[in-house]
Amino acid sequence: MHVGLEHYLTVSFLLFALGLLGVIMRRNLIVIYMSLELMLNAANLALVAFSRFNDKLDGQVLVFFIITVAAAEVSVGLALIVALYRRRQSAHVEDLTSMKL
Amino acid sequence: MELADILFYVFAALTLLCGVLVIANPFSRNPVTSAMFLVLTIISMAGLFVLLHAFFLAAVQILVYAGAVIVLFLFVIMLLDLKEEERRKIKFFGVAAGLISVGAILGIFLKNLHATNLNAQSSPSIEGDTAALGKLLFANYVLPFEVVSVLLLVAMIGVILLSKKKLD
């Protein structure tokens, strides 16, 4: 069977589901962050596949911007985690309950 | 079956397998292991990009993600002392709820994928090489390009502010 758009989209969906599962299941902030990266990459894969099979390069430009924004997001997020760790001595979501009623 | 199709299945399987090992590794719950498998996921995804003729993006993916982002992750893991991770248990309720909800979302995705007529080109001909992408980027997308550069500057200033010892 020839590999087409639906194959790439299936891989992208599965990868997105994996990332979401990681965000829900894991309790470590850094691993949750890695799962977020996984979800962003899944979206990138879908965009590149759409761009390829519609014969337009615009999707790849969008992926280029997404990669840039993701890099900025990672740097800010990790700085936040470090600041949080300095204050609370923990990078676990279960220990961050100050907004709980 | 062509070589490209075989390579697609190899890279797709590698991507998904390493993705599973990022979120749930049965042998080690060390964040460093997760980061290493994230590198493998990203590299095999760059392989998928090459199969989609997005050569520039494959190179950027390896340079930015495997090069910069993962190094940042490892640096932060090294900075924080995360030995506590080993002895905490994963709660059964959380795992069950996560599996059910993610399974439902995945079901919706795949059902809609099969129900939709994708209308895709059978023999696409674009090449995502640097020249074509650069022309598009500097002709049609100049404004977003400049805005993204400002965003990077803002992120840099924000990170410097956040990582200062005293916030006040």
Side-chain angles (χ1 to χ4, degrees), chain A residues 2-11 13-22 24-28 30-31 33-35 37-38 41 44-45 48-49 51-58 60-61 63-65 67-76 78-83 85 90-92, chain B residues 4-5 8 12 15-16 19-20 22-23 31 34-35 38 41-42 45 48-49 52-54 57 60-61 64 68-69 72-73 76-77 79-80 82 85 88 90 94-95 98-99 101-102 105-106 109-110 113 118 120-121 124-126 128 132-133 136-137 141 144 148 151-152 155 158-159 162-163:
Chain A
H2 199 66
V3 171
L5 179 54
E6 61 271 11
H7 293 78
Y8 284 98
L9 285 185
T10 309
V11 174
F13 289 161
L14 285 171
L15 204 65
F16 186 87
L18 273 178
L20 190 58
L21 193 63
I24 295 175
M25 247 173 54
R26 296 300 296 258
R27 289 283 164 267
N28 189 328
I30 292 186
V31 180
Y33 227 72
M34 289 180 202
S35 307
E37 290 304 309
L38 226 52
N41 270 305
N44 281 349
L45 182 60
V48 174
S51 148
R52 167 81 174 150
F53 287 99
N54 282 311
D55 257 352
K56 281 196 174 124
L57 267 181
D58 300 59
Q60 296 193 12
V61 178
V63 171
F64 176 75
F65 287 133
I67 289 177
T68 322
V69 173
E73 174 237 332
V74 164
S75 60
V76 174
L78 287 176
L80 279 174
I81 290 177
V82 170
Y85 188 82
S90 168
H92 255 267
Chain B
D5 293 356
F8 166 78
T15 308
L16 291 175
V20 169
V22 170
I23 65 161
S34 293
L38 191 58
T41 313
I42 281 161
M45 190 171 280
L48 285 179
F49 282 4
L52 285 167
H53 291 243
L57 283 180
V60 165
Q61 175 93 348
V64 174
V69 169
L72 211 60
F73 267 112
V76 170
I77 291 170
L79 212 61
L80 313 182
L82 291 175
E85 169 76 7
R88 300 217 188 194
I90 289 183
V95 174
L99 280 176
S101 53
V102 170
I105 289 175
L106 194 63
F109 275 166
L110 294 179
L113 181 63
L118 283 170
Q121 301 233 347
S125 61
I126 57 152
L133 214 59
L136 197 59
L137 196 60
Y141 292 93
V148 157
L151 177 78
L152 283 175
V159 168
L162 276 172
S163 48

Does [X] reach the side chain of [Y], with side-chain heavy atoms less than 4.5 Å apart?
| X | Y | result |
| --- | --- | --- |
| A/D58 | B/Y141 | yes |
| A/E6 | A/F53 | no |
| B/Q61 | A/N41 | yes |

Select one option (side chain, backbone, both, neither) describing which atoms of [X] are under 4.5 Å from chain A's heavy atoms.
| X | value |
| --- | --- |
| B/A54 | both |
| B/T15 | both |
| B/A4 | neither |
| B/L38 | side chain |
| B/V20 | both |
| B/L106 | side chain |
| B/L113 | side chain |
| B/L133 | both |

Nearest-0.5 Å distance, CD of residue A/Q60 to CG of residue B/L137: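 CG of B/L137 is found 11.5 Å from CD of A/Q60.
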
Gap between atom CD1 of B/I23 and atom CG of A/L18 - 0.5 Å precision: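 The distance works out to 5.0 Å.
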
Which one wins on heavy-atom pair count under 4.5 Å against chain B: [options]?
| options | answer |
| --- | --- |
| A/A17, A/A70, A/A72, A/S51 | A/A17 |
| A/V76, A/L20, A/V48, A/V74 | A/V48 |
| A/L38, A/L21, A/L14, A/N44 | A/L21 |
| A/S35, A/S75, A/G4 | A/S75 |
| A/I67, A/L57, A/L80, A/I24 | A/L57 |

Among [options], which residue has the highest count of heavy-atom pairs closer than 4.5 Å to chain A?
| options | value |
| --- | --- |
| B/V159, B/V102, B/L52 | B/L52 |
| B/L99, B/I42, B/L79, B/I105 | B/L99 |
| B/A155, B/S101, B/A12, B/A68 | B/A155 |

Passing candidate, side chain to side chain contact (heavy atoms under 4.5 Å, CB included) with A/F64, options B/L136, B/L57, B/V64: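 Single pass found, and it is B/L57.
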
Closest contact, heavy atoms only, A/K56 versus B/I126: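 The answer is O-CD1, 3.8 Å.
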
Residues in ring pair (Phe, Tyr, Trp, His ring centres under 6.0 Å) contact with A/Y8, at least two apart in sequence or another chain: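 A/Y8 satisfies ring pair (Phe, Tyr, Trp, His ring centres under 6.0 Å) with B/F8 only.
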
